[in-house]
Amino acid sequence: MGRGDLSDDEWALLEPHLPRNRGRGGRWQCHRRVINGILFRQRTGLPWRDLPSRFGKWKTVHDRHRRWSADGTWERVLRAIQAGADAEGRIDWSMVSVDSTSCRAHQHAAGARSGPPKIPGQRSRPAWHRSDEALGRSRGGLTCKIHLAGEGGRRPLAFIITPGQWGDAPQMIPVLEQIRVPRPGGGHPRTRPDQLGGDKAYSSRRNRHYLRRRQIKHTIPERRDQRANRRRRGSKGGRPTGFDRAIYRRRNEVERTINRLKAFRAVATRYDKRAYVFHGTVTIAAIRLWLHP
């Protein structure tokens with residue numbers, strides 16, 4: 001086993017959720033070797049063609065990652081692993097925080113084809129395809145942004161990918177609606193944390209109304225201009241927002257989650273042209289964090 005490869009314990013957790021061979025051909029062979037090759041590329045950020053020969057043909061490793069990013073296999077594996085962790089009580093629902101991070105896009109990430117991609121062997125399109133390919137212009141050039149919700153154990157529960165210039169506040173609700181942890185015993189998946197934390201960027205009337213409607217306690221500081229506007233309106237401005245400094249200190253957990261994600265060089269710098277492929281890249285990085293004991 002090489003450095004960074006899946007351990008026996010991690011493989012035992014991952015293997016039951018992977019696609020199995022059906023019919024003739026034996027298309028899915030050597031899952032462990034291929035996934036180790038994908039993780040090697042995630043950790044080092046090297047070009048696919050430069051993968052060491054111990055992982056097999058680089059084209060096989062690349063195509064499997066692209067295919068599973070398109071058909072939602074990585075997403076299903078992540079949900080299944082989260083369900084197992086929740087059944088064992090290893091998800092800290094007491095505090096879920098939201099935040100975002102910008103990822104600089106490498107020059108190889110630009111220049112995707114204008115036509116919409118298709119899933120190989122199927123007529124459908126990838127679920128996470130974006131016409132803008134989640135690339136935006138900023139002061140530093142082409143960037144994209146990862147908006148995520150992290151639980152208290154410093155692991156991502158859900159995330160979305162947007163262009164780098166998009167704001168944080170409008171993306172809070174879409175991120176929270178992506179939290180769906182299935183229950184092994186059946187029933188509706190768990191989607192609601194006990195407490196939500198966020199910085200001033202998420203302070204808006206729309207976000208607070210959404211959280212109150214879903215009965216989610218939240219600790220989000222009020223911006224100075226919003227506070228002044230509320231005071232200026234008098235009784236019509238409403239009551240001051242509650243703020244607990246002791247609970248707000250736990251917001252650093254989502255920042256540490258982002259640091260763990262961006263330890264993967266292929267996440268910290270985007271090399272993938274297509275948005276759905278980069279979404280799969282971030283998903284498998286999240287899977288690796290959930291597999292880690």
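For the numbers below, each heavy atom of this structure counts, side chains included, while hydrogens, waters and symmetry mates do not. These numbers come from a predicted model, not from an experiment.
- Counting non-hydrogen atoms of neighbouring residues, nucleotides and ligands closer than 6.0 angstrom, the CD atom of Glu88 exceeds 12 such neighbours.
- Formation of a donor-acceptor pair under 3.5 Å by the Arg190 side chain with backbone atoms of Arg192 is found in this model.
- Hydrophobic clustering (side-chain heavy atoms under 4.5 Å, transitive across Ile, Leu, Val, Met, Phe, Trp, Tyr) keeps Tyr202 apart from Ile258.
- Atom NZ of Lys217 has 12 or fewer neighbouring heavy atoms from other residues, nucleotides or ligands inside a 6.0 Å radius.
- The shortest non-hydrogen separation linking Ala201 to Ala169 is O-CB, 3.1 Å.
- Atom CZ of Arg137 has 12 or fewer heavy atoms from other residues, nucleotides or ligands within 6.0 Å.
- By the criterion of side-chain heavy atoms lying less than 4.5 angstrom apart, applied directly or through intervening Ile, Leu, Val, Met, Phe, Trp or Tyr residues, Ile91 is grouped together with Ile179 in one hydrophobic cluster.
- To the nearest 0.5 angstrom, Asp9 atom CG is 10.5 Å from Leu291 atom CG.
- Under 3.5 Å, the side chains of Tyr210 and Arg214 contain a donor-acceptor pair of N or O atoms.
- Residues Ala87 and Pro184 share a closest heavy-atom pair of CB-CG, 3.7 Å.
- What you find for His31 and Pro19 is that their closest heavy atoms are NE2-O, 2.9 Å.
- Counted by atom type alone, Ser94 and Asp194 present zero donor-acceptor pairs between their side chains at under 3.5 Å.
- Put simply, the side chain of His279 never gets that close to the backbone of Arg274: no donor and acceptor are under 3.5 Å apart.
- A distance-only check finds a donor-acceptor pair linking the side chain of Asp244 to the backbone of Ala246 [under 3.5 Å].
- Here the two rings, on Trp48 and Trp58, have centers that are 6.0 Å apart or farther.
- With 3.5 Å as the limit, one finds a donor-acceptor pair spanning the side chains of Arg251 and Tyr248.
- A side-chain donor-acceptor contact under 3.5 Å links Arg260 to the backbone of Arg154.
- Using a 4.0 Å cut-off between charged side-chain N and carboxylate O, Glu15 and Arg32 make no salt bridge.
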Checklist line | Worked check of ring pair (Phe, Tyr, Trp, His ring centres under 6.0 Å) between His62 and Trp68 | finding: CA-CA 10 Å; His62 168 266; Trp68 287 2; over 10 Å; no
Next item on the list: Check the pair Asp99 / Glu255 against side chain to side chain contact (heavy atoms under 4.5 Å, CB included), numbers first and verdict last.
Entry: CA-CA 7 Å; Asp99 205 351; Glu255 296 176 349; 3.7 Å; yes
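- Leu135 and Ile161 end up in different hydrophobic clusters when Ile, Leu, Val, Met, Phe, Trp and Tyr side chains are linked at under 4.5 Å.
- Looking at Asp63 and Lys57, no side-chain N of the basic residue comes within less than 4.0 Å of a carboxylate O on the acidic one, giving no salt bridge.
- A distance of 7.5 Å separates OG in Ser204 from CD1 in Ile220, rounded to the nearest 0.5 Å.
- For the pair Gln42 (side chain) and Thr281 (backbone), a donor-acceptor distance under 3.5 Å is present.
- Between Leu211 and Met172 the shortest side-chain heavy-atom distance falls below 4.5 Å.
- Ile287 contributes atom CD1, which lies 12.0 Å from atom CG of Leu13 (distance to the nearest 0.5 angstrom).
- Under 3.5 Å, the side chains of His147 and Thr101 contain no donor-acceptor pair of N or O atoms.
- Judged by distance alone, with hydrogens and angles left aside, the side-chain atoms of Trp290 form a donor-acceptor pair with the main-chain N or O of Pro156 at under 3.5 Å.
- Under the 3.5 Å distance criterion, with hydrogens and angles disregarded, a donor-acceptor pair is assigned to the side chains of Arg208 and Ser203.
- Side-chain atoms of Asp86 do not come within 3.5 Å of backbone N or O of Gln82 as any donor-acceptor pair.
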Next item on the list: Would you check, one step at a time, whether the test side chain to side chain donor-acceptor pair (under 3.5 Å) holds for Gln195 with Thr219?
Entry: CA-CA 8 Å; Gln195 183 92 17; Thr219 302; 2.9 Å; yes
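- Placement of Val181 and Val98 within a single hydrophobic cluster is found when ILVMFWY residues are connected by side-chain heavy-atom separations under 4.5 Å, directly or transitively.
- Side-chain atoms of Glu151 come within 3.5 Å of backbone N or O of Asp92 as a donor-acceptor pair.
- At most 12 heavy atoms of other shown residues, nucleotides or ligands fall within 6.0 angstrom of atom CZ in Arg265.
- One distance of note links OG of Ser69 with CD1 of Ile284; it measures 8.0 Å at 0.5 Å rounding.
- Between Phe264 and Ala285, the closest heavy-atom pair is CD1-CB, 3.8 Å.
- Less than 6.0 angstrom separates the ring centroid of Tyr271 from the ring centroid of His106.
- Cluster membership for Ile81 and Val282, using ILVMFWY side-chain heavy atoms within less than 4.5 angstrom, is not shared.
- Residues Gly150 and Val254 come closest through the heavy atom pair N-CG2, 4.1 Å.
- Of the charged side-chain nitrogens involved, none lies within less than 4.0 Å of a carboxylate oxygen, so that Asp71 and Arg64 do not count as a salt-bridged pair.
- For the atom pair Arg41 CZ and His65 NE2, the distance stands at 6.0 Å (nearest 0.5 Å).
- Distance check: Arg288 CZ to Leu14 CG gives 10.0 Å after rounding to the nearest 0.5 Å.
- At least one side-chain heavy atom of Arg130 sits less than 4.5 Å from a side-chain heavy atom of Pro163.
- Side chain of Glu133 to backbone of Ala275: a donor-acceptor contact under 3.5 angstrom is found.
- Arg256 and Glu253 are not joined by a salt bridge, as no carboxylate oxygen comes within less than 4.0 angstrom of a charged side-chain nitrogen.
- A donor-acceptor pair under 3.5 Å links the side-chain atoms of Lys145 to the main chain of Trp166, judged by distance alone.
- Taking 4.5 Å as the limit, every side-chain heavy atom of Arg104 sits out of range of all side-chain heavy atoms of Arg270.
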Note to self: Test side chain to side chain contact (heavy atoms under 4.5 Å, CB included) on Leu39 and Asp5; report intermediate values, then the result.
What the structure shows: CA-CA 7 Å; Leu39 291 173; Asp5 290 352; over 6 Å; no
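- Contact detail for Ala286 and Leu261: the closest heavy-atom pair is N-CD2, 4.0 Å.
- Dense packing is recorded around CZ of Arg212, with more than 12 heavy atoms of other residues, nucleotides or ligands lying under 6.0 Å away.
- A 4.5 Å side-chain heavy-atom check between Leu196 and Met95 finds every atom pair outside the cut-off.
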Note to self: Applying side chain to side chain contact (heavy atoms under 4.5 Å, CB included) to Thr143 and Gln165, what does each step give before you reach the verdict?
What the structure shows: CA-CA 8 Å; Thr143 57; Gln165 77 275 14; 5.6 Å; no
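- Contact of the Cys103 side chain with the Ile146 side chain is registered, since non-hydrogen atoms from C-beta on lie closer than 4.5 Å.
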Next item on the list: For side chain to side chain contact (heavy atoms under 4.5 Å, CB included), just list the numbers for Thr283 and Phe159, CA-CA rounded to whole Å, side-chain angles, deciding distance to a tenth of an Å, and then say yes or no.
Entry: CA-CA 9 Å; Thr283 303; Phe159 66 91; 3.2 Å; yes
